[in-house]
Amino acid sequence: MLERAFRLCLLASLCATASFAQTPMRGVVWSSDSTPTAADLHRIRQAGVQAIRLPLVHDRSLLIEADSLGLSLFQELPMRYLTASSLMDSLDSAASQLARALELGAGHASAAHYGLANYSDTSNEAACSYFTDLARMADVALNVQVYYVSPFIESDRCTHTVDFVLLDVRHLPDPSWALDRWPHPARVGVGALGTAVTEGAFGLRNLRSPQSQARYFELHLPTLLDAPVNAVFVYRWGDNSALHEADRWGLLDSLDQLRPAYEVVRGLYTGTQQEFAFPAGKAAQGETPWLVVVGWLAILALGLTYAVSISWRNLVHRFLTRHGFYLDSVRMGREFPGIGSLIFMLVQALITGCVCWLVVHTALESRAGEPMLASLSPAMLQIAGRIAGDPGRSTLLFSGVNLVFQMALLLAGMSVLSTRGLAGVKRVITLQVSAQWHVICLLPLIMVYPSFSQADLPLITGLTAGGWILAGVFSGVRLVVDYGAVLGPSRRIVALFVLMPQALSVTAALAWVLYTPTGASIAYWWHLIVRP
């Protein structure tokens, strides 16, 4: 009997040991580009955290402190949001930094994991050489593993080059989906898990409240801790005052106060608590579907103008079906629909305002926007956060900027037409708004935007912004051609040089935003949208 009991106890202990060995490392992402202090490490360890993702450590005393606390420091090279070509260009710098980090971390148990790149384009096989070369350097060191943090799941191509990959699952409604769809046999972990918080929101009935953030961890963290992954990292430990409103993910707020999610993570990490109660709060008031309202107002305004104004109706028919007759009418000064043209100009400005707000909002709310935001200053991020959080005023602001641009274009047009004695506000407005009729084709995309899921927002925004760019280019070309036809062939070159730069200025500004100094080109941005 005693021998049997002894065998059962031995078997139970072996099972417990095996279960413990398969338990993922419990981690958290540090909150800033600076490394934590020894006091920070102690506070983090008290929450049951076993690992921290953070920048490269340059202070040996911090490694000694982490050793004494039993913490694993996942140190990461400052290579973020890079294309495959940019990764290769930064190889020498990365190798130099990795060599120094390996030398400093030699002999320290806490310095056994090194991240080679974050959120770079690992969907492109050309990037794999970068990881292969750095991993070969790390192979020389003892008990060292290398990894990278990837925003790609099904389309990742460089898994074979590192010991494991950490996936960013923040923008997935069910983070387990990423593990189910991970197609590679290599080890994998969760590099970033969490939801953002809106300051001032309260209760479970508000999706971005601190209580909802805590409930998210309660629902999904236990499942991931039971999954066959090597590590799970909560995103992130704390906020700082430089963050914009849409980038508050921390367990601690910017004033270093604990959010409810802290107690959930600590309870699950330490195994002391599994279930939690939070106040439901009052249901949030339904947000005004601003984009839908703007869309219907634009359609109503255009419909009434078309039905009431005979001159506007005739202008539309001539422009679309008998363009030569339309140009003759403009040249001879017949039947200019002044009110109809002004209404169309306002509608076009509203559509432009909506598109600009969509780009800013999606950039702050999706993984595809992170490369565009990486190079912005804290002040600019604050402005972007306020814009994204107030669609009504922001749309009106962008629309006003567009109207100023339209006024400048009108003045340029009047200066061009005055060379032939054809100057006139109505004539110039007619030429300008007629060339932009196709921008109303964006209204359906704008109006259906709120009905799309979070995962689909980057694609619909990309299509809308792309359509707006094409509309701007086509409008500029159409405007120059029409001005040239009115002025005559000898003056067409004047119209080209005076009007084309204004027509393409907004397009150039948007292209500049999409190509950030961090190396996140339009190609990489497009990969983030279309490659899961």
Side-chain angles (χ1 to χ4, degrees), residues 23-78 80 97 100-115 118 144 147 149 166 170 189-197 199 210 213-214 217 221 225 231-244 247-273 276 378 381:
T23 300
M25 199 174 296
R26 295 156 165 78
V28 70
V29 180
W30 180 240
S31 56
S32 67
D33 291 332
S34 61
T35 54
T37 64
D40 293 324
L41 294 185
H42 279 270
R43 190 177 186 185
I44 292 173
R45 191 68 182 92
Q46 290 173 356
V49 174
Q50 300 169 332
I52 307 174
R53 278 184 53 206
L54 75 173
L56 292 177
V57 175
H58 303 290
D59 184 0
R60 189 181 297 275
S61 63
L62 198 65
L63 298 178
I64 297 174
E65 192 68 32
D67 290 341
S68 66
L69 294 173
L71 283 170
S72 294
L73 303 183
F74 282 57
Q75 303 179 60
E76 298 177 349
L77 298 175
R80 302 176 183 175
Q97 295 184 63
R100 290 195 297 269
L102 290 172
E103 181 181 0
L104 183 66
H108 292 281
S110 59
H113 303 87
Y114 293 90
N118 283 354
V144 168
Y147 66 94
V149 182
L166 295 179
R170 284 175 295 158
V190 176
L193 171 74
T195 60
V197 173
E199 296 297 336
Q213 179 196 39
F217 285 120
L221 192 54
L225 292 178
V232 176
F233 287 89
V234 167
Y235 189 87
R236 64 186 163 235
W237 175 250
D239 296 335
N240 61 67
S241 57
L243 298 174
H244 55 79
D247 193 30
R248 303 191 182 279
W249 301 72
L251 302 180
L252 283 67
D253 62 19
S254 58
L255 299 178
D256 213 29
Q257 300 297 313
L258 303 180
R259 289 194 173 114
Y262 172 87
E263 295 298 333
V264 175
V265 172
R266 186 184 65 83
L268 295 175
Y269 274 5
T270 59
T272 57
Q273 190 173 354
F276 305 85
L381 287 175

Side chain to side chain contact (heavy atoms under 4.5 Å, CB included) between Leu56 and Glu76, worked out: CA-CA 6 Å; Leu56 292 177; Glu76 298 177 349; over 6 Å; no
Closest non-hydrogen atom pair, Phe74 against Ala51: CE1-CB, 3.6 Å
CA sep, side-chain torsions, deciding dist, call: Leu69, His42, side chain to side chain contact (heavy atoms under 4.5 Å, CB included): CA-CA 7 Å; Leu69 294 173; His42 279 270; 3.6 Å; yes
Partners meeting ring pair (Phe, Tyr, Trp, His ring centres under 6.0 Å) with Tyr235 (sequence neighbours left out): Trp249
Closest non-hydrogen atom pair, Leu54 against Pro36: CD1-CD, 3.4 Å
Contacts of Ala66 that satisfy side chain to side chain contact (heavy atoms under 4.5 Å, CB included) - sequence neighbours left out: Leu41, Leu71, Leu73, Ser110
Trace of the side chain to side chain contact (heavy atoms under 4.5 Å, CB included) decision for Val234 with Val29: CA-CA 6 Å; Val234 167; Val29 180; over 6 Å; no
Shortest non-hydrogen separation from Phe217 to Ala261 and the atoms involved: CD1-CB, 3.7 Å
Residue list, ring pair (Phe, Tyr, Trp, His ring centres under 6.0 Å) with Tyr114, at least two apart or on another chain: none
Student check: side-chain heavy atoms of Thr195 and Arg170 closer than 4.5 Å: no
Donor on one side chain, acceptor on other, Tyr269 and Gln50, under 3.5 Å: no
Residue pairs fulfilling salt bridge (charged side-chain N to carboxylate O under 4.0 Å, His left out) with at least one residue in residues 35-49, sequence neighbours excluded: Arg43-Asp256
Trp30 versus Ile52, closest heavy-atom pair with distance: CB-CG2, 4.1 Å
Donor-acceptor pair, side chain of Gln75 and main chain of Pro55, under 3.5 angstrom: no
Residue pairs passing the salt bridge (charged side-chain N to carboxylate O under 4.0 Å, His left out) test where at least one lies in residues 56-73, sequence neighbours excluded: none
Distance-minimising heavy-atom pair for Gly191 and Phe233: O-CB, 3.4 Å
pair Arg26-Val49: side-chain heavy atoms closer than 4.5 Å: no
Check against side chain to side chain contact (heavy atoms under 4.5 Å, CB included), Arg53 and Val28: CA-CA 6 Å; Arg53 278 184 53 206; Val28 70; over 6 Å; no
Reported OG1-to-NE2 distance for the pair Thr35 and His58, which is rounded to 0.5 angstrom: 7.5 Å
Pairs flagged by salt bridge (charged side-chain N to carboxylate O under 4.0 Å, His left out) wherever residues 257-271 is involved - sequence neighbours left out: Glu199-Arg259, Asp239-Arg259, Glu263-Arg266
Closest non-hydrogen atom pair, Leu63 against Ala111: CD2-CB, 4.2 Å
